[in-house]
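A short worksheet on the structure shown next.
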There are 2 protein chains.
Amino acid sequence: MARAATTSDVFNAIAEPQRREILVLLRAGERPVTELAQALGMTQPGASKHLRVLRKVGLVRDRKAGKQRLYGLDARQLRAVHEWTGGFEGFWNESFDRLDAYVQGLKQARQKE
Amino acid sequence: MARAATTSDVFNAIAEPQRREILVLLRAGERPVTELAQALGMTQPGASKHLRVLRKVGLVRDRKAGKQRLYGLDARQLRAVHEWTGGFEGFWNESFDRLDAYVQGLKQARQKE
DNA sequence: GCATCATATGCCGATATAGGCATATGTCAA
DNA sequence: TTGACATATGCCTATATCGGCATATGATGC
């Protein structure tokens with residue numbers, strides 16, 4: 001079944017590195033498509049498609065400004081991701097300590113595949 | 001070019017809902033593959049494949065325990081995601097306020113497509 | 001209307017994915 | 001060794017994805 005549609009899931013939407021880049025760029029303020037495309041070194045249709053995904057998920061909103069269409073950040077959905085990962089906060093320290101020993105013993109045995 | 005390999009990017013690895021579920025389950029402690037498969041209502045090979053992805057990214061580690069192989073959480077990588085989304089923390093409140101007005105005006109116009 | 005600029009869509013191809021199923025590998029115990 | 005159990009791999013199919021390219025839609029100004 002391939003994978004859940006990128007347009008329905010924020011996690012999936014930000015799985016694409018270029019889309020993450022777009023979000024970062026938009027932190028500096030609203031931008032038209034062309035400018036984003038240029039900044040990321042991709043084609044205009046390419047940028048439009050990524051923005052479409054981001055828009056469907058709600059990470060981005062657009063606004064007409066003359067001939068242009070300005071895209072702006074809507075980070076509310078990112079909060080969900082932040083909170084989900086936050087649910088593991090106790091673990092990214094704890095697991096480190098508690099499991100350190102056996103990680104050592106594991107090091108050479110696996111590592112591959 | 002399809003998409004970046006799920007095995008090289010944490011964002012991609014957690015883009016899969018069932019893999020996220022696995023991580024959540026592992027918060028309760030180490031678990032063998034079969035138990036995870038059962039808990040998630042998927043086949044054993046299915047669970048093994050997801051675990052393989054999670055292992056390659058480093059979100060999970062395994063340990064032999066008799067016949068079984070226990071999988072345990074290694075949440076360190078999730079910290080990166082947490083911090084990346086945290087970089088938008090100022091925006092998921094601010095954007096709400098600042099853009100509220102035009103969101104209203106937008107509501108009926110788009111919404112679809 | 002028409003020309004121009006800005007953006008979106010459609011179609012294509014290459015690739016990756018997830019899931020199902022059979023089967024291989026691995027590990028223990030007798 | 002053999003058998004039983006646990007897990008991993010391989011092969012297959014259906015589907016999604018991203019990127020490129022051409023082109024359609026949209027908006028502006030003349």
Side-chain angles (χ1 to χ4, degrees), chain A residues 1-22 26 30-57 60-72 106 109-113, chain B residues 1-22 26 30-57 60-72 106 109-113:
Chain A
M1 221 177 279
R3 188 196 284 246
T6 99
T7 62
S8 55
D9 184 32
V10 196
F11 285 89
N12 228 319
I14 64 170
E16 232 289 329
Q18 307 215 259
R19 283 197 287 265
R20 288 201 296 276
E21 287 243 34
I22 289 179
L26 290 181
E30 295 177 313
R31 290 269 157 69
V33 182
T34 320
E35 203 173 315
L36 291 170
Q38 191 189 2
L40 296 173
M42 56 173 135
T43 66
Q44 173 268 313
S48 271
K49 285 173 186 170
H50 280 308
L51 286 167
R52 179 192 172 96
V53 172
L54 292 172
R55 199 176 57 203
K56 281 211 179 181
V57 178
V60 140
R61 275 184 280 76
D62 61 310
R63 172 172 73 94
K64 288 177 190 166
K67 275 190 213 176
Q68 296 186 323
R69 175 173 288 215
L70 295 182
Y71 279 88
L106 230 52
R110 42 184 28 275
Q111 192 94 307
K112 69 161 357 23
E113 243 346 63
Chain B
M1 222 174 279
R3 188 195 284 244
T6 101
T7 61
S8 55
D9 184 33
V10 195
F11 285 90
N12 228 321
I14 63 170
E16 232 289 329
Q18 308 214 260
R19 281 197 288 265
R20 287 202 296 276
E21 287 243 34
I22 289 179
L26 290 182
E30 297 178 311
R31 290 269 157 69
V33 182
T34 320
E35 203 172 317
L36 291 170
Q38 190 190 0
L40 296 173
M42 55 174 138
T43 66
Q44 174 270 313
S48 270
K49 284 173 187 171
H50 281 308
L51 285 166
R52 179 192 172 97
V53 172
L54 292 171
R55 200 176 57 203
K56 282 210 178 183
V57 178
V60 140
R61 274 184 280 77
D62 62 310
R63 173 171 74 93
K64 289 179 192 164
K67 277 190 212 178
Q68 295 187 320
R69 177 172 287 216
L70 295 181
Y71 279 88
L106 229 54
R110 43 184 28 271
Q111 192 94 308
K112 67 160 359 25
E113 244 342 64

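Residue numbers begin at 1 in each chain, while the letters A, B, ... track the order of the sequences. Values below: every heavy atom of this structure, side chains too, minus hydrogens, waters and symmetry copies.
With hydrogens and angles disregarded, no donor-acceptor distance shorter than 3.5 Å links the side chain of Arg31(A) to the backbone of Tyr71(A). Remark: the backbone N or O of Ile14(A) is paired with a side-chain donor or acceptor of Arg20(A) at under 3.5 angstrom.
Here the nucleotide nearest the side chain of His50(B), chosen from dG19(D), dG19(C), dT7(D), is dG19(C).
For the 3.5 Å distance criterion, the side chains of Gln38(B) and Thr34(B) fail to qualify, holding no donor opposite an acceptor.
Separating the CE atom of Met42(B) from the P atom of dT7(D) is a distance of 14 Å, rounded to the nearest angstrom. One interatomic measurement links the two molecules: CG of Asp9(A) to P of dT17(D), which rounds to 11 Å at whole-angstrom precision. Rounded to a whole Å, the CZ atom of Arg52(B) is 14 Å from the C1' atom of dA24(C). Atoms NZ (Lys56(A)) and C1' (dA16(D)) sit 13 Å apart, rounded to a whole Å. The CZ-C1' distance, from Arg55(A) to dA8(C), rounds to 9 Å in whole Å. dT27(C) atom P lies 14 Å from atom CD of Gln68(B), rounded to whole Å. To the nearest angstrom, C1' of dA16(D) lies 11 Å from CZ of Arg19(A). If you take CG of Asp62(B) and P of dG26(C), they are 14 Å apart, rounded to a whole angstrom.
Side-chain contact between Arg19(A) and Val57(A) is absent, with no heavy atoms from C-beta onward closer than 4.5 Å.
Remark: Gln18(A) is in phosphate contact with dG19(D), judged by side-chain N or O atoms under 4.0 Å from OP1 or OP2. Applying the 4.0 Å criterion to OP1 and OP2 of dA6(D), one finds that Tyr71(B) has every side-chain N and O outside that range.
At a threshold of 4.0 angstrom between heavy atoms, the contacts of Pro45(B) include nucleobase atoms, whether or not backbone atoms are also involved. Residue contacts for Gly66(B): at a heavy-atom cut-off of 4.0 Å it reaches the sugar-phosphate backbone alone, with no base atom in range. Across all strands shown, Gln44(B) has heavy atoms under 4.0 Å from base atoms, whether or not it also approaches the sugar-phosphate.
Judged by closest nucleotide on DNA chain D, Glu35(B) is the one of Glu35(B) and Thr43(A) placed further toward the 5' end. Two residues, Pro32(B) and Lys49(B), neighbour DNA chain D, and the one matched to the more 5' nucleotide by heavy-atom proximity is Pro32(B).
Judged by distance alone with a 3.5 Å cut-off, no donor-acceptor contact links the side chain of Lys67(A) to the base of dG29(D). Donor-acceptor pairing under 3.5 Å, judged by distance alone, is absent between the side chain of Lys64(B) and the base of dG26(C).
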Worked check of side chain to side chain contact (heavy atoms under 4.5 Å, CB included) between Leu51(B) and Arg69(B): CA-CA 11 Å; Leu51(B) 285 166; Arg69(B) 177 172 287 216; over 6 Å; no
